[in-house]
Amino acid sequence: MSAAGVRTSAAALFTALLLALTAACTGGDGTSPTPRGSSPPGGRAAVLAVKIDNVAPARPHTGLERADIVYVEQVEAGLSRILAVYSSALPPVIGPVRSARETDLELLRQFDRPTLAFSGAQSRLLPVIDRAPLDPVPPSKAPGAYFRGPDRPAPHNLYLRPQRIPFEASGANAVEELGLRVGAPPSGGEREGSRTVRYPSASVTFTWSAERERWLVSLDGSPARTTEGDRLGAGTVVVQDVTVRPSDFRDRSGNTSPFTETVGSGDAVVLRDGRAYEARWTRSATDADTAYTTPDGQRVDLAEGSLWILYAPRGGA
């Protein structure tokens, strides 16, 4: 068999393995047996955040469609990376998993001691992660929970089996932990067929589908799909204008890692139900939630479905 044939067979085998894992760990129809909407003990949602690769060799993503919240942030070389947050349900496999950044630590302070799954981090950042109010679970702490897939080269082939880490989905949607809720749209807004958020070397586009009642996601100009081939979609999209500045950390190549300031205030655009709403975001401190309001101060509620929050460099969206 040729080398190309071997690679094709390996990719097909890996896809079949993921599908089998999904069927075995769910009800057979791709849904989780964890009930949605139930309240966890004490009224607090247990949250799992997973740092996910977002370059072309890492796609299609696995398990991203089951995330309650998907954050997109800028990393080195102007690329983007994803932080997916799970609480209502867990897919059997999530990935590809990549390394954490300083931005993640400030972002995750909005949650009550979340679990963070990541492949590693810059050596100077690791003790900062250990001191943060979260439960870090890299491969060194849960080697049996991670595996390398055969369908793509490292480092784009590390996957997490979340059932093998010390975390249990609460059944409550992670948006509730942020003080957000599903509800009616605000008044006004403008019809919006498509919106693109641009980073120096990446882009994310959302196109409204009235038939599917969600925003279909494209990454770097190509339709974003799940491992099973379905389109990724969002019920609500928030484009949040933020300051992105250099951090004190560098990647392995010596590039300075950007830091996204998620505490403060600024403009935002909320996309839901095929319309765009001008909004403001405010977050007074690292341990405070982010509030999204209309220009007249009314809270902005969400549509049903996953929430995507994109941290757009000021002037770059």
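Only heavy atoms go into these numbers, but all of them, side chains included; no hydrogens, no water, no symmetry mates. Residue numbers count from 1 along this sequence.
A continuous path of hydrophobic side-chain contacts links L108 to V128 [ILVMFWY only; heavy atoms under 4.5 Å]. Both I129 and F249 are part of a single hydrophobic cluster, where members link through side-chain heavy atoms under 4.5 Å apart. Under the 4.5 Å side-chain contact rule for hydrophobic residues, V239 and V75 do not share a cluster. Hydrophobic clustering of Ile, Leu, Val, Met, Phe, Trp and Tyr side chains at less than 4.5 Å, counting indirect connections, keeps L79 apart from V50.
Checked by atom type, the side-chain pair S203/T196 shows no donor-acceptor distance below 3.5 Å. Of the N and O atoms on the side chains of R101 and T260, not one donor lies less than 3.5 Å from an acceptor on the other residue. Side-chain N/O atoms of S87 and D68 include no donor and acceptor closer than 3.5 Å. At a cut-off of 3.5 Å, with distance as the only test, no side-chain donor of N157 or R152 sits close to an acceptor on the other residue.
Of the options D296, T294, V270, a side-chain contact (heavy atoms from CB on, under 4.5 Å) to P186 is made by T294 and by none of the others. The only option from Y71, Y292, Y311 that meets the side chain to side chain donor-acceptor pair (under 3.5 Å) definition with Q240 turns out to be Y292. Looking at F206, W208, W308 one by one, the single match for ring-ring contact (aromatic ring centres under 6.0 Å, His included) with W215 turns out to be W208. Across D241, D267, T243, a single residue satisfies side chain to side chain donor-acceptor pair (under 3.5 Å) together with R314, and that is T243.
A pairwise comparison of heavy atoms in V237 and A234 identifies CG2-CB, 3.9 Å as the closest pair. The two atoms that bring A303 and V182 nearest to each other are O-CG2, 4.1 Å, heavy atoms only. Summarising the geometry of P258 relative to V244, their closest heavy-atom pair is CB-CG1, 3.7 Å, with the distance given to 0.1 Å. The two residues Q74 and P200 come nearest to each other via the heavy atoms OE1-CD, 3.6 Å. Closest non-hydrogen pair, V197 versus A312, comes out as CG1-CB, 3.9 Å. For G144 against R161, the heavy-atom pair with the smallest separation is O-NH1, 4.2 Å.
Atoms CZ and CG, from R59 and L219 in turn, are 4.5 Å apart once rounded to the nearest 0.5 Å. If you take CG on D151 and OG1 on T62, they are separated by 8.0 Å, rounding to the nearest 0.5 Å. Atom CD of E176 and atom OG of S170 lie 8.0 Å apart (nearest 0.5 Å). One finds the CG atom of D220 at 10.5 Å from the CZ atom of R198 (value rounded to the nearest 0.5 Å). Separating the OG atom in S80 from the CG atom in L310 is a distance of 8.5 Å, to the nearest 0.5 Å. To the nearest 0.5 Å, atoms CD1 (I69) and OG1 (T236) are separated by 11.0 Å.
At least one side-chain heavy atom of R299 sits less than 4.5 Å from a side-chain heavy atom of R181. By the 4.5 Å heavy-atom criterion applied to side chains, P96 and L158 are not counted as neighbours. Within the 4.5 Å cutoff, side-chain heavy atoms of I94 are placed close to those of I52. Residues L180 and D289 have side chains not in contact (no heavy-atom distance under 4.5 Å, counting atoms from C-beta outward). Between R225 and L232 there is no side-chain heavy-atom pair separated by less than 4.5 Å. The closest side-chain heavy-atom distance from S99 to F118 is not below 4.5 Å. Looking only at side-chain heavy atoms (C-beta outward), E73 and V242 stay at 4.5 Å or farther from each other. Considering only heavy atoms from C-beta on, T207 comes within 4.5 Å of S194 through its side chain.
Although no hydrogens or angles enter the test, the distance criterion places no donor-acceptor pair under 3.5 Å between the side chain of T286 and the main chain of E106. Using a distance-only test at 3.5 Å, with no hydrogens or angles considered, a donor-acceptor pair links the side chain of S201 to the main chain of A77. When atom types are taken as modelled, the side chain of D273 and the backbone of R275 share no donor-acceptor pair closer than 3.5 angstrom. The backbone N or O of D230 sits nowhere less than 3.5 Å from a side-chain atom of E228 that would complete a donor-acceptor pair. One N or O on the side chain of T227 and one on the backbone of H61 form a donor-acceptor pair closer than 3.5 Å. Without hydrogens or angle criteria, R231 side chain to V217 main chain gives a donor-acceptor distance under 3.5 Å.
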Practice task
Would you please test T290 and T262 for side chain to side chain contact (heavy atoms under 4.5 Å, CB included) and show each step?
Solution key: CA-CA 8 Å; T290 303; T262 58; 5.9 Å; no

Practice task
Begin with the C-alpha distance, continue with both residues' side-chain angles, and end with the deciding distance and a verdict on side chain to side chain contact (heavy atoms under 4.5 Å, CB included) for F259 and E261.
Solution key: CA-CA 6 Å; F259 179 81; E261 297 182 1; 4.0 Å; yes

Exercise for the section: List the steps, then state whether side chain to side chain contact (heavy atoms under 4.5 Å, CB included) holds for T282 with T293. Expected result: CA-CA 9 Å; T282 57; T293 58; 5.9 Å; no

Exercise for the section: Any chance you could lay out the side chain to side chain contact (heavy atoms under 4.5 Å, CB included) test for R109 and V263, step after step, and finish with the verdict? Expected result: CA-CA 10 Å; R109 286 290 300 274; V263 174; over 6 Å; no

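Remark: R66 fails to qualify as a cation-pi partner of Y86 under the 6.0 Å distance and 45° angle criteria applied to the six-membered ring.
In this pair, F147 and Y159 present their aromatic rings parallel. The plane angle is below 30°, not in the 30 to 60° band.
Contacts classified as salt bridge (charged side-chain N to carboxylate O under 4.0 Å, His left out) and involving residues 89-98 (residues at least two apart or in different chains) are given here: D53-R98.
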